[in-house]
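Reading through the structure tokens given below for one structure.
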Amino acid sequence: MQKTHPVSVTRNKTYDMIISGMLIALVFTATLLLNIKLPITANGGLVHLGTAMLFISSILFGPKKGAIAGGVGMGLFDLVSGWTLWAPFTLLTRGLQGYIVGKIAWSGGREGKSPVFNTIAAIVSLPFMLAGYYLCEAVLFSNWIIPAASIPGNITQNVVGLIVAIPVCIALKKVPAFK
């Protein structure tokens, strides 16, 4: 049995922390700077490229980093942009979405290399994201009808994220660092 040197273990943990921090920053920045507020509901609605970065993070780096990047990155956005009340729900909902995408994209040893499975992963994650935010709004507004108005915007956001993420992942998977 091969023994792992303590320095290489530390380097791997440090590398993982750096990658996770960078992915969080990318999701946060894409959510903060690349967004459009939709005029479809009274409580807002936002289409942003943070969802694309969540998908990209999950597909390229797997479920754990995807969950951390999506949940923490978008949760931080909520904290700094006036959506503070949403932050805990975003942390859980987007964390779960990132985990699901990564888990499916990396299933069967695929490691995010199959555009078909990557697309399926993003689509399968959508109902979980919709349900998470629907429940969040139901709790915040004490109403089970109002949250339905946010569903079209949330679907649009995920479709835009998917349209951006899949070609980007196909291109990045050709780069030696992501093979």
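Sequence positions, counted from 1, serve as the residue numbers for this chain. All heavy atoms count here, side chains included; hydrogens, waters and symmetry mates do not.
Considering OG1 of T51 and CD1 of I163, their distance stands at 12.5 Å, rounded to 0.5 Å. Distance check: I24 CD1 to I19 CD1 gives 11.5 Å after rounding to the nearest 0.5 Å. In this structure, CG in L76 is found 10.0 Å from OG1 in T29, a value given to the nearest 0.5 Å. Going from atom CD1 of I155 over to atom CE of M129 covers 9.5 Å, rounded to the nearest 0.5 Å.
Listed by first then second residue, pairs satisfying salt bridge (Lys or Arg N to Asp or Glu O under 4.0 Å) with a partner in residues 58-75 read D16-K65, not counting sequence neighbours. Each salt bridge (Lys or Arg N to Asp or Glu O under 4.0 Å) pair with one or both residues in residues 77-94, not counting sequence neighbours, would appear here, but there are none. For residues 112-121, the set of pairs meeting the side chain to side chain donor-acceptor pair (under 3.5 Å) definition, not counting sequence neighbours, is empty.
Among all heavy-atom pairs drawn from L162 and P167, the shortest one is O-CD, 4.2 Å. Residue T31 comes nearest to G50 through the heavy atom pair OG1-CA, 3.1 Å, listed as atom of the first residue, atom of the second, then distance. Considering every non-hydrogen atom in both L130 and I151, the closest pair reads CD2-O, 4.1 Å. Looking at every heavy atom in both residues, G153 comes nearest to V47 through O-CG2, 4.2 Å. Summarising the geometry of G98 relative to S58, their closest heavy-atom pair is O-OG, 2.9 Å, with the distance given to 0.1 Å.
Classification of the F77-H48 ring pair by plane angle, with boundaries at 30° and 60°, yields tilted.
The backbone N or O of L23 sits nowhere less than 3.5 Å from a side-chain atom of S57 that would complete a donor-acceptor pair. Under a 3.5 Å cut-off, the side chain of W106 and the backbone N or O of I59 do form a donor-acceptor pair. A donor-acceptor contact shorter than 3.5 Å is absent between the side chain of T93 and the backbone of T90.
In this structure, Y15 is a member of the same hydrophobic cluster as L172, with clusters built from ILVMFWY side-chain heavy atoms closer than 4.5 Å. Under a hydrophobic clustering in which Ile, Leu, Val, Met, Phe, Trp and Tyr are joined whenever their side-chain heavy atoms come within less than 4.5 Å, directly or via other members, I170 and L60 fall into the same cluster. Under a hydrophobic clustering in which Ile, Leu, Val, Met, Phe, Trp and Tyr are joined whenever their side-chain heavy atoms come within less than 4.5 Å, directly or via other members, L34 and L54 fall into the same cluster.
Remark: F28 CZ is packed, more than 12 non-hydrogen atoms of other residues, nucleotides or ligands lying under 6.0 Å away.
Within the hydrophobic cluster formed by Ile, Leu, Val, Met, Phe, Trp and Tyr side chains joined at under 4.5 Å, directly or through other members, V116 is accompanied by L96, I100, I104, F117, I120, V124, F128.
Of the N and O atoms on the side chains of Q97 and N158, at least one donor lies less than 3.5 Å from an acceptor on the other residue.
Legend: residues meeting side-chain hydrogen bond (donor to acceptor under 3.5 Å, both in side chains) with S107, ordered by chain and number and at least two apart, are R110. When the salt bridge (Lys or Arg N to Asp or Glu O under 4.0 Å) test is applied to K173, no partner is found at least two apart in sequence or on another chain.
Looking only at side-chain heavy atoms (C-beta outward), W83 and M74 stay at 4.5 Å or farther from each other. Taking the side chain as every heavy atom from C-beta outward, F55 and S125 approach each other to under 4.5 Å. Using a 4.5 Å heavy-atom cutoff, the side chains of W86 and L91 are not in contact. Under the 4.5 Å side-chain criterion, counting only non-hydrogen atoms from C-beta, P88 is not in contact with L92.
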